[in-house]
Amino acid sequence: MTKTIKVALVQQGVWHMAKESMPLAAGYLAAVTREQLGEHCDVRIFNASGSMTALEMAVDILRDGVPDVIGFSVLGWNVRQFESVAETVKQANPEAVVVFGGNHVANQAERVLPRNVDVDVVVNGEGEITFVELLRAVVEGISYEKVRGISYRGEDGTIVTTEEQPRLDDLDVIPSPILTGVMPLVDEHGDFRYDVALMETNRGCPYHCSFCFWGGAVGQKVRAFSRERLRAELEVLAKVKAHTVVLCDANFGMLRQDADFIEDFIEIREQHGYPRALETSWAKNKSKVFRDIVHRMREVGLGSSFTLALQTLNDSTLDLMNRHNMKINQWRELAEWLAAEGLDCYAELIWGVPGETPETFLKGYDELAKHVSRIAAYPLLLLPNTDFTDQRELHGFITVRGQRDDFEYVLSARGISLEENMRMQRFLFWARLLAENLVLREIWPVFRAVLGWTQSTCILSLADFIEAQQSHPGATLLREAAESSTADPDSLAPALEYCFSTEEFAELVQQWWTTTVEPAAPVRWRWALHEVIRYDLDTRPLPEPARRGMADAELIKIDGEDHWSAKRTYRLDIPAITRSAREHDEVPEPAPDDHHVRLLYKHGFAELVRSTNHEETAHFVARSTRSPEPAFEAETSS
């Protein structure tokens, strides 16, 4: 090798947030490059936030000199930005090698390269070893023909695809970006700099769902990192006080080693106080290993959100999704078991799959909501390399490609008209805003038990009321966000900020109560249902107490973490009435009895208030504890 080259690795998160998203993919590439080609490659990671523009990224990258090789970790939400930055880099250095890798472009060279003259190479599949082979070819000035796992333009302009890069059986050959220090873990104040800490314990997924690609590892043997490596990573994250670890696994809780990971997590948390919470994509088939892990986490109070990744409750749709081999029909028993364990649970559904209708989807949504009210309901997107994309003619998909992203949004499909789809897109927006992202929580089971209103009925009733308020500024904001949600998925972010941050939203909900709900409620229940609404509005995650009319809130420390504390009085035990509604679908006759409580809100939600990451939001919903003394200024609560 005869020269040293400047290598830039670019990653961009999707969330709207104040903190960075941890650049784990770029970290892997940087770590393996430094280990194998450190003397010949000067590597730097450029980590862009979800709101960063192409202009800002280009300035950041070029500030320290033009790279010789620039690699982009491409996903559907950032490809447009990266195409612009690639064009700029080529202007500054026509000889620069521009590399696109990641789920959205793998195996897509026939589409990517012709439309992007500034992209030179597409990486197909697992990228660490391939990227090093490519860099070695650049340093030595030789042809790419022996670099496995890539597509590129040949000398005659035709697209050349090399032989496939074998997947790694031993994942530990990839140096850890957490242990090697290629990613800075703390900011200038010494605080953990990312919203959450990302880790992988394994790679691969044994299933082959029609809508999913999962890094090209669908239908693959699951390969695991060693326990020793994972424990060492947890130790480092604990010392920098990373609060939440999010695992980038497809089916955590499927392998026996996953229980070992939890034991190490618990032991390290007991020793250092961190990490304090774990989030992941849980195993689709809930085995004894999974249940043992859940029970162990419950024993030690380790927080997590457990996902029922159902996607649909319609049998014919399950067949099209290639998901009938999963034991998802046991979800009711599982949901009841998780509730008995006292653990948070949410579910996932996808609208727009052929075989589903608005009626069957809402029926499934409401049946699921009897057990799990936090339902992440998403529209179907056609993603590269999936069965649905390959079979688009069979299913009659009509799609439009995003203007700001590169996803294919389904407008209609066989059995689903455009009008039906638009009606359901509106429901998805309001369901995500109000239920999935925990703006309201307790009213869903209580209203179902007392009024007989399903969760979708409640959501659409409140949506109808808000959209009808033509002269209300906040209602206008929410209405316009709902109307633009199909074209602009980011419209949810400002809507969430409004709902969490303002008393105006509370006033809208109170007006809905007065005009719509109260007249439909039994007289003897009206005061009690109003208290449930008060409680829901009071316990929303708290970004700024002053904007929410909570001047009485005090900042205190609990287990070393800052919390806002406020006293309130309610005329009945809201958590108890909600439990009864969830577990028995009925509630005892209400009897007024003052309940003095202290509401505790984890501090720091101001940094996440525009985030659409409901798993993080769940940690900021107020906890209520009984207080022996009367609450003060209870009348001023929303």
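Position 1 is the first residue of the sequence, and the numbers go up from there.
A distance-only check finds no donor-acceptor pair linking the side chain of T386 to the backbone of L382 [under 3.5 Å]. Side chain of N78 to main chain of L75: a donor-acceptor pair is present (N/O by atom type, distance under 3.5 Å, no hydrogens or angles). Between the side chain of Q11 and the backbone N or O of A26 there is at least one donor-acceptor pair closer than 3.5 Å. Of the possible polar contacts, one joining the S491 side chain to the A481 backbone as a donor-acceptor pair under 3.5 Å is found. In this structure, the side chain of D405 engages the main chain of F407 through a donor-acceptor pair within 3.5 Å. Between the Q12 side chain and the S49 main chain, a donor and an acceptor come within less than 3.5 Å of each other.
Legend: salt bridge (charged side-chain N to carboxylate O under 4.0 Å, His left out) pairs involving residues 97-114, not counting sequence neighbours, sorted by first then second residue: R111-D406.
By the 4.0 Å N-to-carboxylate-O rule, K363 lies too far from E359 to be salt-bridged with it. Ionic pairing of E126 and R223 is present here: one or more N-O contacts between side-chain nitrogen and carboxylate oxygen are shorter than 4.0 angstrom. Taking the charged nitrogens against the carboxylate oxygens, D120 and K90 do have a contact shorter than 4.0 Å, which makes a salt bridge. Ionic pairing of K6 and D68 is not present here: no N-O contact between side-chain nitrogen and carboxylate oxygen is shorter than 4.0 angstrom. For R426 and E483, the salt-bridge test fails: no basic side-chain N is under 4.0 Å from an acidic carboxylate O. A salt bridge links E408 with R392: at least one charged nitrogen is closer than 4.0 Å to a carboxylate oxygen.
With values rounded to the nearest 0.5 angstrom, D249 atom CG is found 5.0 Å from T280 atom OG1. In this structure, CG on L411 lies 6.0 Å from CG on L418, to the nearest 0.5 angstrom.
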Let's go through E436 and R374 carefully: what are the C-alpha distance in whole Å and the side-chain angles of both, what is the deciding distance for salt bridge (Lys or Arg N to Asp or Glu O under 4.0 Å) to 0.1 Å, and is it a yes or a no? CA-CA 5 Å; E436 175 193 333; R374 181 155 59 110; over 6 Å; no
Trace of the side chain to side chain donor-acceptor pair (under 3.5 Å) decision for Y409 with T399: CA-CA 5 Å; Y409 294 84; T399 66; over 6 Å; no
Could you check K146 against E163 for salt bridge (Lys or Arg N to Asp or Glu O under 4.0 Å), going step by step and ending with a plain yes or no? CA-CA 8 Å; K146 293 188 178 179; E163 73 172 286; over 6 Å; no
Assess the residue pair E200 and Y28 against the criterion (side chain to side chain donor-acceptor pair (under 3.5 Å)); give the C-alpha distance rounded to whole Å, side-chain angles, the decisive distance to 0.1 Å, and a yes or no. CA-CA 11 Å; E200 278 187 306; Y28 282 127; 2.8 Å; yes
Audit row: E164, R148, salt bridge (Lys or Arg N to Asp or Glu O under 4.0 Å) steps and yes/no: CA-CA 6 Å; E164 185 176 347; R148 295 170 296 178; over 6 Å; no
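Under the 4.5 Å side-chain criterion, counting only non-hydrogen atoms from C-beta, L230 is in contact with M199. Side-chain atoms of S73 and F100, non-hydrogen and from C-beta on, never get closer than 4.5 Å to each other. The closest side-chain heavy-atom distance from R153 to V160 is not below 4.5 Å. Using a 4.5 Å heavy-atom cutoff, the side chains of D118 and V89 are not in contact. For the pair L168/V173, a side-chain contact is recorded, criterion being any heavy-atom separation below 4.5 Å from C-beta on. Counting heavy atoms from C-beta outward, T201 and D258 have side chains that approach closer than 4.5 Å. Side-chain contact check for M57 versus F82: some heavy-atom pair is nearer than 4.5 Å. Side-chain contact between V7 and C41: present, with at least one pair of heavy atoms (C-beta onward) separated by less than 4.5 Å.
Relative to the ring axis of Y498, R610 does not place its NZ or CZ within 45° and under 6.0 Å from the centre.
In this model, a donor atom of one side chain and an acceptor atom of the other lie less than 3.5 Å apart for Q165 and T130. T312 and E356 are linked by a side-chain donor-acceptor pair at a separation below 3.5 angstrom, with hydrogens and angles left out of the test. Neither side chain, Y144 nor T162, offers a donor N or O lying under 3.5 Å from an acceptor on the other. For the residue pair S226 and D172, a side-chain donor N or O sits within less than 3.5 Å of a side-chain acceptor on the partner. Counted by atom type alone, S151 and N124 present one or more donor-acceptor pairs between their side chains at under 3.5 Å. Residues Y152 and E145 have side chains that never bring a donor and an acceptor to within less than 3.5 angstrom of each other.
A side-chain contact (heavy atoms from CB on, under 4.5 Å) with L9 holds for exactly one of V43, V182, V99, N47; it is V43. Looking at Y365, W351, Y378 one by one, the single match for ring-ring contact (aromatic ring centres under 6.0 Å, His included) with F427 turns out to be Y365.
Taking the six-membered ring for Trp and the full ring otherwise, the centers of F290 and W282 sit less than 6.0 Å from each other.
Environment of CD in E35: crowded, with over 12 heavy atoms of neighbouring residues, nucleotides or ligands closer than 6.0 Å. By the 6.0 Å contact criterion, CD on E419 is enclosed, its count of non-hydrogen atoms from other residues, nucleotides or ligands being greater than 12.
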